[in-house]
There are 2 protein chains.
Amino acid sequence: MDRDSVVASLLRRLETVSKLDPADIAAIRSLPIAVRHWAGARAIVSDGERPSECCLIIEGFCIRSKSTEAGQRQILSIHIPGDIPDLQSLHLHRMDHDLSTLVPSTLGFISHASLRTLTHARPNVADALWRDTLIDAAIFREWIVNVGQRPAPARLVHIALELRRRLLSVRGGTEPATFEFPLTQEQIGEALGITPVHANRIIRQLREDGIVDVSRGQVHVLDETRLAELAQFDDRYLHQDPAA
Amino acid sequence: MDRDSVVASLLRRLETVSKLDPADIAAIRSLPIAVRHWAGARAIVSDGERPSECCLIIEGFCIRSKSTEAGQRQILSIHIPGDIPDLQSLHLHRMDHDLSTLVPSTLGFISHASLRTLTHARPNVADALWRDTLIDAAIFREWIVNVGQRPAPARLVHIALELRRRLLSVRGGTEPATFEFPLTQEQIGEALGITPVHANRIIRQLREDGIVDVSRGQVHVLDETRLAELAQFDDRYLHQDPAA
DNA sequence: TCCTATCCTTAACCTTTGTTTGGAACCGGC
DNA sequence: GCCGGTTCCAAACAAAGGTTAAGGATAGGA
């Protein structure tokens with residue numbers, strides 16, 4: 001993967017979310033990024049560690065998760081190319097959760113030192129990155145609502161629609177009827193706060209009802225109208241318009 | 001309330017969480033803050049609005065919450081003096097949730113303009129405030145785990161212990177057996193993702209079991225050992241040590 | 001080709017939580 | 001001292017989700 005397309009994914013992301021002037025863009029372009037390939041289902045950084053770099057997803061999917069003492073795991077967020085899922089480690093030095101790949105992925109590592117130099121030199125870039133972490137937090141808030149208030153089927157379709165919406169900033173175009181959703185039923189359960197058995201139940205139900213088919217790492221929307229009605233998905237919390 | 005003690009609550013908070021040099025502190029001290037009093041259970045900023053200032057809690061308690069179309073409300077966080085619960089509005093211009101008082105409170109309003117000037121002039125202060133919003137996000141992550149994975153009684157004691165721990169940075173001293181917890185049972189339900197009836201059930205159960213007594217806006221710890229065992233509370237996610 | 005591991009699927013049964021409802025206690029205002 | 005609204009308390013029943021257990025599909029490796 002060449003350098004330009006590596007930075008491109010990051011820039012596309014920051015620009016869908018913030019306004020940057022040419023000098024800012026040039027400064028971001030000159031960030032040193034170490035590209036590495038990762039297998040699927042592997043830890044990138046783990047709870048308790050003190051990383052000295054942040055991880056840009058260039059290709060693939062990652063998740064953040066947190067485990068209780070009782071051994072249960074909660075998935076906190078799903079990440080796509082262009083995301084820097086552990087940007088918070090720049091200021092929160094000790095990890096309080098895990099970051100790992102979902103599928104084989106290409107990752108770009110950027111040292112905290114170079115990011116700190118950049119943000120101190122260019123307040124505009126600092127603001128853009130800060131804003132990025134704030135959107136991250138906005139998504140966490142929506143997930144609290146999701147897990148706390150919605151019944152399990154609505155929970156599932158809500159995170160699916162969120163992912164589809166966010167993928168637009170990478171894949172471009174309009175919202176597709178079929179898109180990648182590389183979670184096993186067990187992982188779906190971990191994201192929704194339900195058991196894998198119950199995840200299976202609701203997936204089957206949604207399929208039988210002709211609303212949506214979640215299988216083999218993909219989502220196929222069967223009935224867009226009833227899906228929207230069930231999910232109550234409003235993308236405002238994603239703050240994707242830099243002007244707004 | 002005099003100016004010094006107003007800024008003091010903010011400084012105490014930022015300093016328990018970040019390192020600031022004398023020039024930074026002086027700059028923060030010179031921020032214009034408009035002090036206003038608010039009744040209990042009143043909105044401060046609402047979902048959809050575009051505030052032009054941030055709100056520092058000087059005295060009292062506030063909550064952030066989000067409502068679904070179905071009319072259910074989820075409480076997202078509880079805030080105490082020294083917190084700036086809507087600091088995110090500095091970069092996320094449109095509110096995606098509500099902020100309101102829980103009890104009569106004294107609030108200090110700081111304009112976005114003056115905050116932006118300050119953060120651009122002093123990258124150190126920007127980092128401290130950024131870090132503050134990142135801790136906010138870390139708490140959201142823990143709440144996702146709380147609502148997603150823990151049974152209802154553990155959920156309740158977990159947020160109670162979190163509040164007690166955070167109150168230390170305001171009240172000082174060591175963790176008290178009795179502390180303020182100004183939520184009605186209905187609000188407790190909204191924070192835990194359960195109905196008020198079920199909130200009542202588990203509160204009663206915890207009291208009968210001699211673990212903790214939650215009543216009249218207060219928490220009385222009856223058995224510290226069994227409480228810790230039930231809550232599995234580990235304060236690492238609060239990132240209260242600036243050095244760590 | 002078989003073997004193995006992972007994932008998906010299903011069923012029966014049990015526990016937790018939601019629903020509905022009603023009453024008691026408390027509190028501020030008159 | 002009474003009154004209307006909260007808040008708290010409680011019981012009976014219903015629904016959602018968890019547990020356990022087991023068989024079946026799929027895919028990659030030997």
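Bear in mind the structure is a predicted one, so any value in this text is a computation, not a measurement. Below, chain A is the first sequence line, B the second, and so on; all start at residue 1.
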Quiz item: Could you give the start and end, 5' to 3', of the contact zone on DNA chain C for chain B, using atoms under 4.0 Å from its heavy atoms?
Solution: C:dT17 to C:dT20
Self-check item: Exercise: do A:Arg141 and B:His97 side chains pair donor with acceptor under 3.5 Å
Solution: yes
Quiz item: Looking at A:Arg207 and A:Asp213, does any basic side-chain N land under 4.0 Å from a carboxylate oxygen?
Solution: yes
Exercise. Return the angle between end axes of the helix from C:dC8-D:dG23 to C:dC30-D:dG1, with five pairs used per end and rounding to 10°.
Key: 50°
Quiz item: With sequence neighbours left out, what residues match B:Gln185 under side chain to side chain donor-acceptor pair (under 3.5 Å)?
Solution: B:Asn200
Quiz item: Is the shortest side-chain N to carboxylate O distance from B:Glu180 to B:Arg164 below 4.0 Å?
Solution: no
Quiz item: Whole Å only: how far is the CG atom of B:Leu102 from the P atom of D:dT7?
Solution: 11 Å
Quiz prompt | Donor-acceptor contact present, side-chain A:Thr184 to main-chain A:Gln187, <3.5 Å | solution = yes
Exercise. List the protein contact pattern of nucleotides 8-22 of chain D with one symbol per nucleotide (5' to 3'): B for base contact, S for sugar-phosphate-only contact, - for none; contact means a heavy-atom distance under 4.0 Å.
Key: SBBBB----BBBB--
Residues 146-153 of chain A, side-chain donor-acceptor partners within the protein, below 3.5 Å, at least two apart:
residue  : atom : partner  : partner atom : Å
A:Asn146 : OD1  : A:Arg150 : NE           : 2.7
A:Asn146 : ND2  : A:Arg155 : O            : 3.3
A:Gln149 : NE2  : B:Arg73  : O            : 3.1
A:Gln149 : NE2  : B:Gln74  : OE1          : 2.9
A:Arg150 : NH2  : A:Glu142 : OE2          : 2.6
A:Arg150 : NH2  : A:His158 : NE2          : 3.3

Quiz item: Would you say the side-chain atoms of B:Arg165 and B:Gln240 include a donor-acceptor pair closer than 3.5 Å?
Solution: yes
Exercise. Check whether the side chains of A:Arg64 and A:His79 place a donor and an acceptor atom closer than 3.5 Å, and report yes or no.
Key: yes
Self-check item: Under-4.0 Å salt bridge between B:Glu208 and B:Arg204
Solution: no
Practice problem: Apply side chain to side chain donor-acceptor pair (under 3.5 Å) to B:Gln232 and list each qualifying residue two or more places apart in sequence or on a separate chain. | Solution: none
